[in-house]
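First up is the structure itself, then whatever we jot down about it.
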Amino acid sequence: MADTAYKLVLLRHGESDWNRKGLFTGWVDVDLTETGETEAARGGQLLIDADVLPDVLHTSLQRRAIRTAQLALDSADRNWIPVRRSWRLNERHYGALQGKDKAATLAEFGEEQFMLWRRSYDTPPPPLADDDEYSQVNDAAYAGLPDEIRPRTECLKDVVERMLPYWYDAIVPDLQAGRTTLVAAHGNSLRALVKHLDGISDDAIAGLNIPTGIPLLYELDADLRPVTPGGRYLDPEAAAAAIEAVKNQGRK
Ligand SMILES: O=C(O)[C@H](O)COP(=O)(O)O
């Protein structure tokens, strides 16, 4: 087994208000539920218990990830570490499905179309109109992005392509400087990063789901390859149950 050179912790935000309601979220900037806040704080305790103390934080521009990181780091007494934020870590943009009920979408369009939109690698949902109430084209957070960069919908392939430049340019240098690096992000932006780290195929990635609020530790070798494929959840039992729940979202 290769030696561990770097420590990377992936943390999906705690339960959000629209996770609770079963709505497609994407770039809509919803907050955490009280359950999500508790999950986030427990995530910090899990870091302490595992003696994995982040030296630097990277988050998306979305409050559910930003607040999850703050609550986890507060719980781990690591509030003071430096942080960088990027749209490139945002959740995948869910297009015209943003705000739609997952169960109702499954019922209306059927299993095949639902799974194509939700978990295929290269089939995005229909684009979201710029005048839709759930569009972010006029959000101040993205004002610095050229209009052609601001997504109106994304498939996972799109997320991989816009996330990897940030991985190579911002996160890898922190790892190579010897910093234990925490990435607080979202179900699909983390699926995109896990796909890259573990070399998961375009077909197999459909079967991977990320639970909320449970730190996933990747020990990486000097070539940034996982010493343990898939990494290690710091609460494996809770993760297994939560992963099953994410997989079955939309199903009664
Ligand atoms: O954006 C969302 O709806 C969720 O955070 C991720 O949803 P999914 O697990 O259905 O892709």
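These figures come from a predicted structure and were not determined experimentally. Residue numbers count from 1 along this sequence. Every number for a ligand or one of its atoms is a count from 1 in the order of the listing.
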S135 and D132 side chains, donor-acceptor separation under 3.5 Å: no

Using a 4.0 Å heavy-atom threshold (strictly under), name the region of N188 that reaches ligand 1: side chain, backbone, both or neither. side chain

What is the nearest protein non-hydrogen atom to atom 2 (C) of ligand 1, stated with its residue, atom name and distance? T25 N, 3.4 Å

R119-ligand 1 polar pair, N/O distance under 3.5 Å: yes

Taking N or O atoms only and a 3.5 Å limit, does V246 qualify as a polar contact for ligand 1? no

Residue part near ligand 1, for E15, under 4.0 Å between non-hydrogen atoms: neither

May I ask you to establish whether K102 and F114 are in a cation-pi arrangement, using a distance under 6.0 Å from NZ or CZ to the six-membered ring centre and at most 45° from the ring axis? no

Using the ring of each side chain (for Trp, its six-membered ring), is F24 parallel, tilted or perpendicular to Y94, with breaks at 30° and 60°? tilted

For Y142, check ring pair (Phe, Tyr, Trp, His ring centres under 6.0 Å) against everything at least two apart and list the hits. W27

For atom 7 (O) of ligand 1, which of the options K102, Q249, E91, R118 provides the nearest non-hydrogen atom? K102

Test of proximity, R92 against ligand 1: N or O pairs below 3.5 Å: no

R12 heavy atoms within 4.0 Å reach ligand 1 at atoms 4 (C), 5 (O), 6 (C)

Please determine whether a side-chain nitrogen of the Lys or Arg among R67 and D31 lies less than 4.0 Å from a carboxylate oxygen of the Asp or Glu. yes

Side chain to side chain contact (heavy atoms under 4.5 Å, CB included) against A141, all qualifying residues, sequence neighbours excluded: L61

Give me the nearest non-hydrogen protein atom to atom 11 (O) of ligand 1 as residue plus atom name, then the distance to 0.1 Å. Y94 OH, 2.5 Å

Test N209 against every option in R119, K247, E244 by the side chain to side chain donor-acceptor pair (under 3.5 Å) rule and name the one that passes. R119

